[in-house]
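Throughout, protein chains are lettered first and strands after them, A, B, ... in sequence-line order, and every chain is numbered starting at 1.
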Number of protein chains: 2
Amino acid sequence: MISSKFLKGRGRERLSPEAQSLLEGSIGDVQVVPGAKTLVRRGEPIRSSMLIVEGFICRSADDHQGQRQMVSLHVPGDFVDLDGFKLRRLDHDVITVGPAKVAIYEHDAIAKLIRRSSHLTASFWISGLLDAAIHRAWIFRLGRLEADARIAHFFCELHARLEAVGLAQNASFEFPLTQPDLGQALGLTGVHTNRVLRSLRERGLLTLKNRRVDIGDWKSLARLGNFEPGYLYSSGSKAGNH
Amino acid sequence: MISSKFLKGRGRERLSPEAQSLLEGSIGDVQVVPGAKTLVRRGEPIRSSMLIVEGFICRSADDHQGQRQMVSLHVPGDFVDLDGFKLRRLDHDVITVGPAKVAIYEHDAIAKLIRRSSHLTASFWISGLLDAAIHRAWIFRLGRLEADARIAHFFCELHARLEAVGLAQNASFEFPLTQPDLGQALGLTGVHTNRVLRSLRERGLLTLKNRRVDIGDWKSLARLGNFEPGYLYSSGSKAGNH
DNA sequence: CGCGCATTTGAATCCCGTCAATATATGTGG
DNA sequence: CCACATATATTGACGGGATTCAAATGCGCG
């Protein structure tokens, strides 16, 4: 099923079979889009939202000189711009990283779903709350961690989220971002990102090569990155693991 | 009315009189709490949420050495931990800055409100989405801006939000954070925060003194901070003002 | 009045950015 | 299959913004 990954990467919530089939039945269209394509521009009115089926899509804002800051990165199973359903426009751009496949949901269709299923309404609401929790972890990363720890934390999170949707096998997963892209996510320049990646590689913690990440030492990586997965609210993670 | 500021600082949404009175009638308790008090600890199960009536409350996470990163700052009219209603626990601590007055909403009462009013359900949902939008601006600030621009952006946002709830008069407002507190919000040390504040003062942009902010040159401050208020979704702000 | 807290300032250090150059893919057309 | 163009990765040298450590000054409050 096209929509079967929804919320899988997000918390312990699971859809009931009825909700799942309602969701599946409301897909307006499935589109394949090339990489590095801006799907939605900041501020423009939108009338539909996208569920990622395959590929990575990021949201990013830019400063006055056009320098970008990535504010979130989405993977299959994520609703990218569901907030647009309520807010009517976005405060950022939506851009594909590599090629991606998305399921389009017209806002009219979402409105119908909400009227028919309070379970789906709650799921959509929760999806937004988990986005916010991930944003907060992103803030923590940028505000408190140095470059090596930022990278460590970032990949710990991404690994956890990809594993939840079956896209990570034994500490290895596809990662379509270039090093400058990664820098935009972490508040670093591409050059410095490269240097720190080398350091992590030499320390045996992590290897990034040919669009693929291999985690060499998960435990050290999590310690370095101050990573505590509680904020992902997944079924496995304990509450308040200090 | 105690709850009358809800959502005023957040976007163009307004509550209907019926929704407003439902909300007012569901207040479980009103409490006055001292400053610098931890109201909720990360991970602990919660059964109620708080609407701020007076004062500032922040949410913050800490690293392995106990160093704090503030991830959001809330003002009167904000529901601080409404996500706890859905998620049952929080991924961060909730701490008062100065003394504050809060209206407590038991989760049972919120559940009742949601069953009785789809309008309030939508408002609660939107409240979380606007939190997320503010988080994204926070990420942008930390990732792309240097210290002086971070401070500028931060105070531009805060001024806009306080003005929306009637707590800012002609570019001046109460600000109960110390300089180290401000540093925790901006990913800076207290020492450097102090130096940059001096620079902003000397440039005539902003003065912080005796727990009060005076904005000297709003336009320059907004330009320096790359501030574009679209993400606050307030009725006044135009969409996509690049 | 004096204690505690916040603010302010100095000096040395370090992490990261900038500028520049080179190397290594990756892909394309002749 | 090679020549060429483009994108990505890598490395060096230098400068600058922020941290760290330390000390001094101001200020509110009991």
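Separating the CD atom of B/Q179 from the P atom of D/dC27 is a distance of 13 Å, rounded to the nearest angstrom. When rounded to the nearest whole Å, the span between CZ of B/R144 and C1' of D/dG17 equals 15 Å. Atom pair A/N210:CG and D/dA9:P shows a separation of 10 Å (rounding to whole Å applied). Put simply, CZ on A/F175 is 14 Å from C1' on D/dT8, counting in whole angstrom units.
Of the residues in residues 185-196 of chain B, those placing a heavy atom less than 4.0 Å from an atom of DNA chain C are B/V191, B/N194, B/R195, in numerical order.
Contact of the A/N226 side chain with the A/F140 side chain is registered, since non-hydrogen atoms from C-beta on lie closer than 4.5 Å. A heavy-atom distance below 4.5 Å is found between the side chains of B/L142 and B/Q69. Using a 4.5 Å heavy-atom cutoff, the side chains of B/W218 and B/H159 are in contact. The shortest distance between side-chain heavy atoms of A/L73 and A/V97 falls below 4.5 Å.
Taking a cutoff of 4.0 Å between a charged side-chain nitrogen and a carboxylate oxygen, A/R59 and A/D83 qualify as a salt bridge.
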Full working for side chain to side chain donor-acceptor pair (under 3.5 Å) between B/S60 and B/D93 = CA-CA 5 Å; B/S60 79; B/D93 299 330; 5.1 Å; no

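Within 4.0 Å of A/R150, counting heavy atoms only, lies no atom of the nucleic acid at all. At the heavy-atom level, B/R201 lies under 4.0 Å from the strands shown only through sugar-phosphate atoms.
First and last contacts of DNA chain C with chain B, using any nucleotide atom under 4.0 Å from a protein heavy atom and ordered 5' to 3', fall at C/dA6 to C/dA11.
Side-chain contact annotation: B/S199 with B/R195, donor-acceptor N/O pair under 3.5 Å absent.
For the pair A/S49 (side chain) and A/Y105 (backbone), a donor-acceptor distance under 3.5 Å is absent.
If you find the closest nucleotide of DNA chain D to A/L208 and to A/E146, the one lying nearer the 5' end belongs to A/L208.
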